[in-house]
Structure formats: structure tokens, C-alpha cells
Protein chains: 2
Amino acid sequence: METKRPRLGAAQRPTMKDVAHEAGVGLKTVSRVVNGESGVSEATVDRVREVIARLGYRRDDAARGLRNGHVASIGLILEDTTDPFYAQLVGAVQTVAQEHGMLALTGASDEDPDYERDLGLALCARRVQGLVIVPAPGSRHDYLEPELAAGMAVVFVDRPPIGLAADTVLADSRGGARGAVGHLVERGHRRIGFLGDSPGIYTAGERLLGYREALAAAGLPRDDALVAMGPPSPDALGAALAALMALPDPPTALFTGNNRTTVETLRILARREERPALVGFDDFELADLMTPPVTVVAQDPVGMGRAAARLLFQRLAGDRSPARRLELATRLIARGSGERRPAGLPGEPRDRA
Amino acid sequence: METKRPRLGAAQRPTMKDVAHEAGVGLKTVSRVVNGESGVSEATVDRVREVIARLGYRRDDAARGLRNGHVASIGLILEDTTDPFYAQLVGAVQTVAQEHGMLALTGASDEDPDYERDLGLALCARRVQGLVIVPAPGSRHDYLEPELAAGMAVVFVDRPPIGLAADTVLADSRGGARGAVGHLVERGHRRIGFLGDSPGIYTAGERLLGYREALAAAGLPRDDALVAMGPPSPDALGAALAALMALPDPPTALFTGNNRTTVETLRILARREERPALVGFDDFELADLMTPPVTVVAQDPVGMGRAAARLLFQRLAGDRSPARRLELATRLIARGSGERRPAGLPGEPRDRA
DNA sequence: TTGAAAGCGTTACCAG
DNA sequence: CTGGTAACGCTTTCAA
């Protein structure tokens, strides 16, 4: 009987059996050669190697994983790979993963909780050993319960999970926001506006809380007219900013809630007359080259990604201790825009040079 | 005989067999329910569904892929995920992949050709259906020959493959560079410096060629003292720039070869006295908010990623035509830094307002 | 040093 | 409508 023909059109890959047949040895011998096991004569090794090269044989890791424990890969879900903050974070996770000989299957949820869940399930179906997730706003994670029970490691970054006890790595958003607003208060500002991301986003909420705490600590009144929360689109932000500046008692300083918002606000301010002081949450490239350079509360995306990945691999190495929650400190970097004083108060000396 | 116990410690996942047993139905029936096939009574479907939910069963795609054609995933290799140019490109590839129901396994080669090859082989072993590669400088790709023969689709982006005929998507680096330098020449510059990436990088070489072609077309002499190529580290660039400016006849304009180089050059120039005109290859966020705003030759990373992914899926859909090479046009965006005239010539009028 | 057989979890085929 | 059986490509176990 002839060798069975493959499906039409689909070129066929050689298997171990093909190699064994071609080299005139047993299947197991090929397996041993492929995996560099001992117990094969040098002559046989050479022959098998030659056939492998000639046929272009590649071991199938899926089949291998089916038989053994499982294939070395982790899953990574975030909302948007192109945001520099997440790009850095992903890069760090991947670096650590590759150091452990693992590849990362990456998916972008684009802020859609349902899609995030689909991605998570797809990754589970592919039997990734671990999962790093930046939750979309509003997504629940109880569906991962059985995975955890089955030994999969799951770590959440930047935002906490909902409905699941699992390791979490966050930035200290509230403390960072307090510091930013406190910094402005110390410079004499009494009317400080907050431009934050959509209120459904965990970090946006925390930063709003920090903003309020700092005002309260300084004995300043809470004025919700100074707060605008929403997606950082140019239009929405332009309207919000215009409204803020049209107030009878407009803010002399702004605190912006993430890099997108900060950048877009800078763009809008460049077209307007006002020059409020500004502190942004999250550092961004070229902040130092703006005029004036932009004062920020820097997060550490690389540190967060690395911490998350390390936690993950600790779990995979067998750590069964209770879920941990890491909160990484932020750091205020004063560059100029946040040190402007309100009109009417003496400013700092300029241009000593 | 009792059910066989799993390896100690490793929690066990339920399989279809477990579900079938628990629900008191056959294996195939569970399979039908899981895959939404018809031919199962509603009552049975419900019972099976209930058991699946209770046991937390998840289909194993590795086993599934072993049996069928293969699992829906593609591989993605680039050198650095955190560079905004590549971040955009990756994002586009992933978006298209997800639209096709595929996930992307991503690896970063970090400019190491050997590691790039290892990543490629690892992805082949995982039987990805397609591969998108940004080649590391100096890497060869003939090792992918058998994969292509076996029906895998491979597309190269940003840089062409070496030793393999495969689809390739590039930016028109040479034409873009010609345009940039021509733009400066038209503004009266006769001494134009070029700060490029390491000469081993394909795009760096092309941009150097474009630079030279533009000079030649303008009848300007070639002066290699005006060219500095190397990795865009602050130190190296600082030294190169200092050397350039110390020339007896220093450049009045600079052409920088990629976004990293442009940004670092801006940073260095901010600390120096000279204010040469500047055009950068590759656009970057905030270029419009620099003083002066930075003129660039914009590439289209999203377009490139999308084009690459589309080519890939065309191939996977059965397109067997010869390898294609796409070269995407660049676009010069004049913002100010590239329109400065050399000292001694009248500048453009400023501040009409 | 070598190889035959069983089995990993799933699906296709075919029989009930 | 339902369910056995074989097979996917590999590794493990055990016997030669």
C-alpha cells in the first residue's frame, strides 16, 4: 500500500516517522537525536541529522506538549500596545519571559471587557502556563477560577482584577496624584483643575481620589467644576479645557491624569492664551524638550512589567503563597511646567544665565 | 481500578473524557456540544453544558490542532517592541490578525541575528501558520525554505530578507531621504550633515544612498566628513555632532536617519549654541510641539503593518503568486525646523500674527 | 545501542 | 440522535 496522500494543496511536513523511515532507524532513535539524548551511536546520530537537514524536519511542539507537561508560553492581554506606557510594560514582560525560554502570545482587548474575556479563554485553550493581564474597564475575572485551580498562574498589572484573588502589580496612583497636587499647592495654587481619563478606569478613579485628598489636606474646598473626566480625545479635552478656563474663577494649574491626556492638553494649550502650571501623571519621551519642560509624576512601566513577570514565574516555580499585591512608588520629576506660580504671586527667578 | 492519579502537585485539568463520564454520555457527544455541532438533543446539550461549567472544562487547542489542520496563530519577530515605530507596526499586525481570529506569538530579537533565528525556529516548532519578521541586521533567512515549502507564509517588514525569496513590505527609504535632503537644498543649504543608524542596517544604508543622490542631483560635492553612522546613543551622537560642528566649514543643516536619532539630536542641540536646520526620517509624537516644530519624512508604520498582515493572510488563503515587494511612499511634513535657511541668506518672514 | 507499543486530548469516520 | 475507534506527532516505558 502506498503512503497515504495528504489533503490536496496542503504541502506536507515531514514527521519523525518520515525521518525514521528515510534514515532506516526506529522512531525513538530519531526522537533521541532530536532531543539530544544519549545512547545513540555517533554514526546513527550523523545519519539521522543528515536526513533531518535534507527533509527540513522540525519537531512539532504542540504534539510534544500534548504528551509532556506543556509548551513553554505565556499569554499577555492588554488594551493597547501602541501606548508608550504599555509598550514599555509589554517589552519588560517579554524580556523576562524570553529569559525563561518562553514566548508570549499577545492580544489587545482594545478596552472591550467581552473581548478581553474571549482573549483570555483563547489563551487558556492554548494552554499557556501563565497569563499577564491589564484588565479592560468593567471586566470580571471569575472565569479564570478553574484555570488557577488547574495550576495556571495569573498576574494582573496596572489595574486590579474583579471577582478573583490573584497577584496584582499596580502603580501608587493615589499617592502619586496626591504628590502632584501637593506640589502645585506648595507653589501657591488654590484653583487646580483635574483632567482625568474615563471614571470607569481604576487608575483614573484612584488619581481623582488622590487629587481630592491633596486638596482636602491643604484645606482647599472641593469644586467639581474643576474636574473633567473622559477619554482623552482632542475634541472632548478641548471642550473640557475651554469650560474650565471660562469659569469665573478659572484654575491657575492643571493636573492631567495620564500621558495621552497630558500630551493632548499641551497641544490644546499651545493654541490658547492661558499658560497654567501643569503636572502630568506618567512620564513621556520629550517631556524634557517642551517649552517649558513638563513636570510629571513618573511611573515605572518597565519595573511594573518586570515585577509582574517575576511574580508569574515564581508561581510557575511552585510558589503557592496567598495572592500578593505590589504597589510601586511613583516619582515626581520637576522640570518647569509644574513650578510656575499663579499670576499675582512672585514667580521663581528665570534665566540666570 | 481507580482513575489514574496525576503527577503529584500538578492539579489536573478535566478532559472531554471526564466531562463525558460525569455527564453519562459519549466522548463524541461532548465534542459536538463543545463545537456547537448539530445533532444533539437539547436536553443532552444542557446536561453537558452544565457539567462543563461545573468542572471548568476548557477544550485543549493543542490537541485539537494536532488532529486537524492547525491552530490559528501567527508569529511576529521584531527587534524592539518599545520603539514607537515598531509598536505601531506590531499593533497593526495584531489588529489584522485578530480580525482573522488569530493570535500572535511575539518575540523580540534585540538586533541579534542568532537569536532572531532561534525565535523563528521556535515559532516554526509551534506550527504558527505565518510569520512576520523585521530582520535583525545581518541575519540570513534560508533556514525558512522548508517552512515555505510546507505551506507556511512568511512576510518581511521594514527590511528585506537575505537568502530567501519572500514577500516584503518596505518604506521608500531612499526616495524619502532624497526628498528630505532636496528640501534642505531648496532652502539654500550647501553643507548638510547626515546622522544615520549603524551602516549594517538596511534602511540606514538606503537613507545614506538617498542623501548622496540628492546631493549629487544638486551638484553638491560629496564630503564624507559630513556623515556619521552608528547606534543612536547619546554619547556617540554627542561626539559625532561635536565633530561635525567643529569642521572648518560646518553643516548648516542636518538630516537625521530615524526617530531615535532625531530625538537624541534634538536633546543634544538643546544644550548647544548652534541651531542648524533639521529634517528627521520618521515622524514622532510631539514633533509638532517642539520649538521649532520638527520637519520630518513620515513613514506609515500602521500602513506597513497592515500591508504585511494582509499579504500574509492572502498567502494563507491560497495565493501562490511569486513573492511580492511593496514599497510604501513617505511623506514630507514641513513644520519649521527644516525650513530654516542658512545664516547669511534671508530667512522666511516670521510671526506675521 | 535500539525499537515496539501505549497514550497525551481531540476530532473524523462510520456504525448503531 | 449517539458513541466507539482510529489517528494526529510526539515521548515514555519497557523489552530486546
Side-chain angles (χ1 to χ4, degrees), chain A residues 1 3-7 10 12-48 51-52 55-72 122 124-127 150, chain B residues 1 3-7 10 12-48 51-52 55-72 124-127 150-151:
Chain A
M1 211 191 284
T3 309
K4 191 175 32 173
R5 281 269 155 242
R7 289 177 267 292
Q12 195 67 347
R13 259 175 201 291
T15 71
M16 265 193 187
K17 197 158 71 176
D18 299 326
V19 174
H21 185 81
E22 183 77 10
V25 301
L27 194 53
K28 178 60 201 177
T29 301
V30 178
S31 174
R32 276 193 263 259
V33 172
V34 167
N35 295 307
E37 287 169 29
S38 62
V40 186
S41 76
E42 206 157 312
T44 312
V45 170
D46 286 348
R47 188 147 38 98
V48 171
V51 174
I52 287 179
L55 264 49
Y57 166 78
R58 311 270 193 247
R59 181 177 65 193
D60 184 332
D61 277 351
R64 181 197 171 83
L66 186 55
R67 186 60 240 254
N68 306 350
H70 275 287
V71 188
C124 294
R126 280 176 172 75
R127 295 294 186 266
Chain B
M1 214 190 284
T3 309
K4 192 175 31 171
R5 282 267 156 244
R7 290 177 268 292
Q12 195 68 346
R13 261 174 198 292
T15 72
M16 266 192 185
K17 198 157 72 176
D18 298 326
V19 174
H21 185 82
E22 183 77 11
V25 300
L27 193 53
K28 180 61 202 176
T29 301
V30 179
S31 174
R32 276 193 263 261
V33 173
V34 168
N35 295 307
E37 287 170 30
S38 60
V40 186
S41 77
E42 206 157 312
T44 311
V45 170
D46 287 348
R47 187 147 37 96
V48 172
V51 174
I52 286 179
L55 264 49
Y57 165 79
R58 310 270 193 248
R59 181 176 67 191
D60 184 333
D61 277 350
R64 175 174 223 248
L66 185 57
R67 184 62 245 245
N68 305 352
H70 276 286
V71 187
C124 293
R126 280 175 172 76
R127 294 296 185 264

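Convention: sequence-line order gives letters A, B, ...; per-chain numbering from 1.
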Asn35(B) and Arg59(B), any side-chain heavy atoms less than 4.5 Å apart: yes
Presence of donor-acceptor pair under 3.5 Å, side chain of Arg67(A) and base of dT11(D): yes
More 5' along DNA chain C: Val34(B) or Thr44(A), using each one's nearest nucleotide? Thr44(A)
To the nearest angstrom, the NZ-P distance between Lys28(B) and dC13(C) comes to 10 Å
Test side-chain contact (heavy atoms from CB on, under 4.5 Å) on Met16(B) and Val19(B) and set out the steps. CA-CA 5 Å; Met16(B) 266 192 185; Val19(B) 174; 5.5 Å; no
Whole-Å distance between dA7(D) C1' and Met16(A) CE? 18 Å
Is any side-chain nitrogen or oxygen of Ser41(B) closer than 4.0 Å to OP1 or OP2 of dT2(D)? yes
Taking for each residue the nucleotide of DNA chain D bearing the nearest heavy atom, is the 5' side occupied by Glu42(B) or by Ser31(A)? Glu42(B)
Side chain of Arg59(A) (C-beta onward), nearest among dT2(C), dC10(D), dG9(C): dC10(D)
Ignoring backbone atoms, test whether Thr29(A) places a side-chain nitrogen or oxygen under 4.0 Å from the OP1 or OP2 oxygen of dT2(C). no
Here the distance between atom C1' of dG3(C) and atom NZ of Lys17(A), to the nearest Å, is 15 Å
Taking for Arg32(B) and for Asn35(B) the nucleotide of DNA chain C with the nearest heavy atom, the one nearer the 5' end belongs to Asn35(B)
